[in-house]
Amino acid sequence: MRARVFVTLKPSVFDPQGRTIQEALHTLGYAGVQDVRQGKYFELELAAGSADQARTLAAEVADKLLANPVIESYRVEVD
Amino acid sequence: MKFAIVVFPGSNRDHDAWHVVTSVLGQSAELLYHKETDLKGADAVILPGGFSYGDYLRTGAIARFSPVMGAVRRFADRGGPVIGICNGFQILCEAHLLPGALARNRSLSFICQPVTVRVERADVSFTCASHEGQLLRIPVKHGEGRYVASEDELDAIERRGQVLLRYVDERGEPTDAANPNGSMRSIAGVANERFNVFGMMPHPEHAVEDALGGSDGLRIFESIVLARFSVSKSAEESATR
């Protein structure tokens, strides 16, 4: 089963990459882009019997390694 | 005194740490490969600078799971002194042996320059060879050195006096301009609650001799040695009383 994990910086953490991208977009004329936050995307191919099992396993993996709980949060989607 | 210097794949300041410990301080050192599970009788552990695992995923995120880190954690739990420099600091934070995290520099640039740090307290093992308020000139070389923690955690860290080094200007003021990477509260080095684990982003091992442009960094290593021999001395005194 495939799980997708989206990892983003917590809102309270300054994101200089997101800010730089936003400013670059403004330079390109996209004044309507009010904020950009950059994150990470992981695709996990899991040996799991059900979507719930896959979700649990993906969350465990995210908690343990994919996200740093001090500065990042994540969400999981399962196909 | 014997120092164990852990070498992860991608560590590159291990030999500089070796040089300080052996040639400059005259102590003994052993390079410990990250797969070792025994610290071989070390009295202190150094996690050196570098790019362990190529900084893949996050700096220090994978190194914290190296086999050697189990032994490092047990050593730290027993009160053994552990110092993480730059990538070593990042690894200690990822391993939750230190609070907070290190994020990308706010300028997005890799900063390689000397900075001034102020010693916030000199009554703990990593700064006892200096004095409170002393200014040290030490180089930083990093792309991800911005110290981050929640406001509550930062308040607690400050209240407990865990900040040992802070970025300051030449007058000793923690101004924004003096902060090379945007670290919160200008924190350059922080210890755990027991004060036996310490992480700092600047490279003290690169400021230990006049040939390197200064020897302010030596204070940190001298402190570790001084603390060790003070402990041994007072243990001796208690035993003979």
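Residue numbers start from 1 in every chain, and the chains themselves are labelled A, B, ... in the order their sequence lines are given, proteins ahead of strands. Note that the structure is a prediction, hence the values are computed from the model and not measured.
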Here the gap from A:Asn68 atom CG to B:Gln90 atom CD, rounded to the nearest 0.5 Å, amounts to 11.0 Å

Region of A:Glu72 that comes under 4.5 Å of a non-hydrogen atom in chain B:
side chain

Check whether A:Lys40 reaches the backbone of B:Leu57 with its side chain - one donor and one acceptor, N or O, closer than 3.5 Å.
yes

Rounding to 0.5 Å, atoms SG (B:Cys93) and CD1 (A:Ile71) come to a distance of 9.5 Å

Counting only heavy atoms not in B:Phe110, do more than 12 sit closer than 6.0 Å to its CZ atom?
yes

Side chain to side chain, A:Ser12 and B:Glu151, heavy atoms closer than 4.5 Å
no

Might you point out which heavy atoms bring B:Arg58 and A:Leu66 nearest each other, and give the distance in Å?
NH1-O, 3.0 Å

So do the side chains of A:Leu9 and B:Arg104 get within less than 4.5 Å of each other, counting heavy atoms only?
no

Atom CD of A:Gln34 with >12 non-hydrogen neighbours under 6.0 angstrom
no

For A:Phe14, does the CZ atom sit with more than 12 other heavy atoms under 6.0 Å from it, leaving out its own atoms?
yes

Please indicate whether A:Glu45 has more than 12 foreign heavy atoms, meaning atoms of other residues, nucleotides or ligands, lying under 6.0 Å from its CD.
yes

Top residue by heavy-atom pair count (under 4.5 Å) with chain A, among B:Glu94, B:Arg64, B:Arg146, B:His96?
B:Arg146

Kindly compute the distance separating OG1 (A:Thr20) from CZ (B:Arg106), expressed to the nearest 0.5 Å.
13.0 Å

Is the shortest heavy-atom distance from the side chain of B:Phe65 to the side chain of A:Leu65 under 4.5 Å?
yes

Would you find more than 12 non-hydrogen atoms of other residues, nucleotides or ligands less than 6.0 Å from A:Arg19 atom CZ?
no

